[in-house]
Amino acid sequence: MPPPLLTVQNLVKDFGEFRAVDGVSFALERGEILGLLGPNGAGKTTVMNMLLGLISASSGRIEIFGQSLESHRIEILRRMNFSSAYTSLPGNLLVRQNLAVFAMLYGIRDWRSRVRETMERFGVAALADRITGHLSAGEATRVNLCKAFLNRPELLLLDEPTASLDPDVVDKVRTLIRDTQRESGTSIIYTSHNMQDIELVCDRVLFLHRGRVIRMGTPDEIKASFDSASLEDVFIRIARGGDLQIAGDQ
Ligand SMILES: Nc1ncnc2c1ncn2[C@@H]1O[C@H](COP(=O)(O)OP(=O)(O)OP(=O)(O)O)[C@@H](O)[C@H]1O
Ligand SMILES: [Mg+2]
C-alpha cells in the first residue's frame, strides 16, 4: 500500500480559551474524496485553514505528500489548491485576467492554453471578458473552481463549493468536480451542508462535532452505524447532541 497522501495526527486549534479543533486525526488516500461534515461551528473550515497553512495548529502534526507541512510549506502548497464559497477572486479584474494572474503565480509554463482549456471544461469561456465582481454566485463558483484546478493540484480543498447555488447548478458543479477528479486523480477534501452532495461526491465521510471526530467511514457505513436511512437524519441526530460517542471510543 502506498503511504497516504495526507496524514493528520491529533490536530488541535485553540482560539484563546476556546478549543475549536480538539484532537482530530485522519488520513486521506490518493484519488479519494473525503467529506468533512458537521454542524455550523464544528471546526471544518478551521481544519481546512490549517491544512492550507493559513493558520497554524496549536498542536498536532500535518503531513502532506510524505512531508511535514510545517517544514515544507512552499513545496507542498504548490501541489495543492482550494476553493471556497466565502472567498472570492479580486472583483475588479476581468475573469481572464484573474485566471492568467493565478496561472502565472502557479508557474504554469503554457499558461495561456491551460487557462483556455480549463475555462472550456468549466463552461466559463463565455465569461472571459466579464468583470469578476459582477458575476452571479453560480458563475463565480465555476470561475473559482476553474482557478482551483488550474495547477492540476494533487490535493484540492473545497469548502462548501455548492453553497448558495440553485439545484441545477449544484448538479452541474457536482458532476464537473466528480468527472474532473476521475480524470486527474486529484484527492479532494470537501465540505457541504447538502447531504445529497456528500452522498454523490464523497467516497468517505468524517463527521465533526465541537471540534472532535464523531464518526468516519463510507456514507453507507455511517448510515448503518446509526441504523439510519439517510445522512441527513444522522446529521440532525449529531447536531442535536445525541449519539455523541467519539470515534475510537466505540
Ligand atoms: N479566528 C477565530 N477566532 C476565534 N474563534 C474562531 C476563529 N475562527 C473560528 N472560530 C470559532 O471556531 C469554531 C469553528 O469554526 P469553523 O469556521 O471551523 O466552523 P465550521 O465547521 O466551518 O462551521 P460552518 O459550517 O458554519 O462553516 C466556531 O465556534 C468559530 O466561531
Ligand atoms: Mg465553515
Side-chain angles (χ1 to χ4, degrees), residues 6 8-26 28 33-62 64 69-70 73 77 80-89 137-138 140-141 144-145 147-148 155-165 170 173-174 177 187-202 204-217 219 222 226 230-247:
L6 163 84
V8 171
Q9 281 169 334
N10 232 338
L11 200 61
V12 171
K13 181 65 192 177
D14 293 325
F15 293 112
E17 296 286 291
F18 177 69
R19 181 153 289 190
V21 173
D22 189 4
V24 166
S25 301
F26 64 93
L28 180 75
I33 306 189
L34 177 72
L36 219 52
L37 286 196
N40 291 132
K44 305 178 296 294
T45 299
T46 306
V47 168
M48 286 219 174
N49 287 343
M50 287 190 274
L51 298 180
L52 286 166
L54 294 175
I55 56 173
S56 55
S58 303
S59 63
R61 187 171 166 82
I62 299 172
I64 305 179
L69 179 62
E70 209 175 16
R73 193 165 172 272
L77 291 179
M80 289 173 61
N81 211 321
F82 84 103
S83 174
S84 157
Y86 303 106
T87 53
S88 39
L89 298 170
T141 298
N144 278 334
L145 281 173
K147 173 244 142 198
L155 173 60
L156 181 58
L157 307 186
L158 299 176
D159 197 3
E160 300 193 43
T162 57
S164 79
L165 303 182
V170 168
V173 165
R174 213 155 42 197
I177 292 172
S187 307
I188 299 179
I189 300 183
Y190 188 100
T191 78
S192 175
H193 288 299
N194 177 331
M195 294 304 117
Q196 199 191 3
D197 236 26
I198 295 288
E199 291 219 37
L200 290 171
V201 173
C202 300
R204 217 154 47 95
V205 170
L206 185 156
F207 251 108
L208 276 182
H209 186 263
R210 295 188 186 142
R212 305 189 75 178
V213 178
I214 299 294
R215 279 289 199 290
M216 202 160 15
I222 300 233
F226 279 83
S230 73
L231 272 188
E232 191 141 335
D233 177 51
V234 172
F235 189 102
I236 290 168
R237 280 164 61 182
I238 289 177
R240 293 187 185 164
D243 309 285
L244 289 184
Q245 196 175 26
I246 305 298

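Remember, it's 1-based here, ligands and their atoms both numbered in the order they're listed. Atom set for the values below is all heavy atoms of this structure, side chains included, hydrogens, waters and symmetry mates excluded.
Residue contacts with ligand 1 leave out Lys13, since none of its heavy atoms falls under 4.0 Å from the ligand. Proximity of Met48 to ligand 1 is not established, as no heavy-atom distance is less than 4.0 Å.
Taking distance alone, with nitrogen or oxygen atoms compared against 3.5 Å, Ala42 approaches ligand 1 more closely than that limit. Considering backbone and side-chain N/O of Phe15, none are found under 3.5 Å from N/O of ligand 1. Polar contact with ligand 1: absent for Gly38 (N/O pair, distance under 3.5 Å).
By the neighbour-count criterion of 12 heavy atoms within 6.0 Å, atom CD of Glu232 is sparsely surrounded, having that number or fewer from other residues, nucleotides or ligands.
Looking from atom 17 (O) of ligand 1 to the surrounding protein, the closest heavy atom is Thr45 CB, 3.6 Å. Remark: minimum distance from atom 12 (O) of ligand 1 to any protein heavy atom is reached at Ala20 CB, 3.3 Å. The nearest protein atom to atom 16 (P) of ligand 1, hydrogens excluded, is given as Thr46 OG1, 3.5 Å; this is a heavy-atom distance. In terms of protein heavy atoms, atom 27 (O) of ligand 1 is closest to Glu160 OE2, 3.4 Å. Closest to atom 26 (O) of ligand 1, if we only count protein heavy atoms, is Asn40 ND2, 2.9 Å. Atom 30 (C) of ligand 1 has its closest protein heavy atom at Phe18 CE2, 4.6 Å.
Both tests hold for Arg215 against Phe226: distance to the six-membered ring centre under 6.0 Å, angle to the ring axis within 45°. A cation-pi arrangement, defined by a distance under 6.0 Å to the six-membered ring centre and an angle within 45 degrees of its axis, is present between Lys147 and Phe82.
Against a heavy-atom cut-off of under 4.0 Å, Gly43 is close to the following atoms of ligand 1: 14 (C), 18 (O), 19 (O), 20 (P), 21 (O). Near His193, the atoms of ligand 1 lying under 4.0 angstrom from a non-hydrogen atom of the residue are 25 (O).
No donor-acceptor pair under 3.5 Å is formed between the side chain of Ser187 and the backbone N or O of Leu155.
The nearest non-hydrogen atom to atom 14 (C) of ligand 1, considering only Pro39, Ala85, Gly41, comes from Gly41.
If you check the side chains of Asp159 and Thr191, you find a donor sitting under 3.5 Å from an acceptor. Inspection of the Thr162 and Asp197 side chains reveals an N or O donor paired with an N or O acceptor under 3.5 Å.
Contact annotation for atom 7 (C) of ligand 1: protein present (non-hydrogen atoms, distance under 4.0 Å).
Val234 places none of its side-chain heavy atoms less than 4.5 Å from the side chain of Met195. By the 4.5 Å heavy-atom criterion applied to side chains, Arg210 and Asp22 are not counted as neighbours.
Using a 30° and 60° split on the angle between ring planes, His193 and Phe235 fall in the perpendicular class, above 60°.
Put simply, Thr45 gets within reach of the Mg ion (ligand 2), with an N, O or S atom under 2.8 Å from it.
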Q.
Using side-chain contact (heavy atoms from CB on, under 4.5 Å), reason through Ile198 and Tyr190 one step at a time and then give a plain yes or no.
A. CA-CA 8 Å; Ile198 295 288; Tyr190 188 100; 4.1 Å; yes
